[in-house]
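Working notes, beginning with the structure itself.
In each ligand, atom 1 is the first atom listed, and ligand 1 is the first ligand listed. Given the structure is predicted, the values throughout are model-derived calculations rather than measurements.
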Amino acid sequence: MAATTTITDCHCHLAMLEDAEGKISRAGAAGIGRFVTSALDEGGLEASLSLAKRFPGKVLVTLGLDPDDPGEVAAFERRAKLIRKNAKDLCGIGEAGLDFMHNGDREAQRRAFSAMISLSSELALPLTVHSRSAGKYAVGQLISEGAGKVLMHAFDGRPYYALQGAKAGFLFSIPPSVVFSGQKQELVKALPIESIVLESDTPSLGPVRGEPNEPANIAFAVDKMCELRKIGKEELLAQVGLNVSKLYSP
Ligand SMILES: [Zn+2]
């Protein structure tokens with residue numbers, strides 16, 4: 001394949017990987033040359049910013065908070081402060097969102113999510129949204145609170161709710177687990193191609209259930225998506241590249 005487009009891994013956690021530099025270079029060989037790495041705590045932020053310094057323009061950083069455990073109001077207000085302080089070094093906010101898989105405090109999650117939605121508008125930074133067993137609620141809250149640039153990462157809800165998000169202009173990033181996940185495959189078939197981008201969510205959501213993931217595996221997602229959409233690789237990657245540029249304008 002002629003390497004016309006550099007693929008962006010729109011959501012990953014490079015700082016959680018062993019030998020992140022080695023994995024960045026393996027990804028590069030597979031055509032994935034840009035990484036939006038997400039930090040969820042101060043240690044992760046420091047490690048991510050130092051990777052960004054070593055790979056300028058290649059590694060971009062977002063900072064959010066654990067959707068499963070956003071903590072008390074004071075905790076996410078502190079996080080908002082940290083995001084504001086580092087805003088010039090961030091390309092976005094996230095991940096943040098709703099995770100209803102466990103029996104957490106849903107109201108606390110909604111409040112924290114709301115704070116991140118308004119911070120994303122205030123700082124004009126795109127928001128990467130985590131929603132697990134809560135797709136309908138996450139899309140609903142984003143729309144009702146007037147969220148702007150939104151990336152729904154690894155959306156696990158029904159196409160019906162995804163399409164509401166797509167209509168509101170949200171992008172959806174598809175992970176390598178699309179290789180085996182019927183739900184992700186339905187999503188790829190249902191969404192307009194203008195709403196689709198790629199992510200690894202490294203170290204999770206790899207192409208082999210239960211095995212650690214790395215950004216190079218996005219290549220498997222690309223092949224699967226071409227098959228599902230009956231579209232050539234070049235055409236898919238050109239469109240995905242265009243979609244990414246709407247989210248992270250240079
Ligand atoms: Zn993630």
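Heavy atoms of other residues, nucleotides or ligands lying less than 6.0 angstrom from CZ of F55 number more than 12. Taking a 6.0 Å sphere around CZ of R54, one finds it holds more than 12 heavy atoms contributed by other residues, nucleotides or ligands.
Considering only residues two or more places apart in sequence or on other chains, E18 meets the salt bridge (charged side-chain N to carboxylate O under 4.0 Å, His left out) condition with none of them.
The number of protein N, O or S atoms lying under 2.8 Å from the Zn ion (ligand 1) is 4.
D9 and S200 are linked by a side-chain donor-acceptor pair at a separation below 3.5 angstrom, with hydrogens and angles left out of the test.
Aromatic ring pairs are classed by plane angle as parallel below 30°, tilted from 30° to 60° and perpendicular above 60°; the pair F172 and F155 is perpendicular.
Within the 4.5 Å cutoff, the side chain of L17 has no heavy atoms near those of the C12 side chain.
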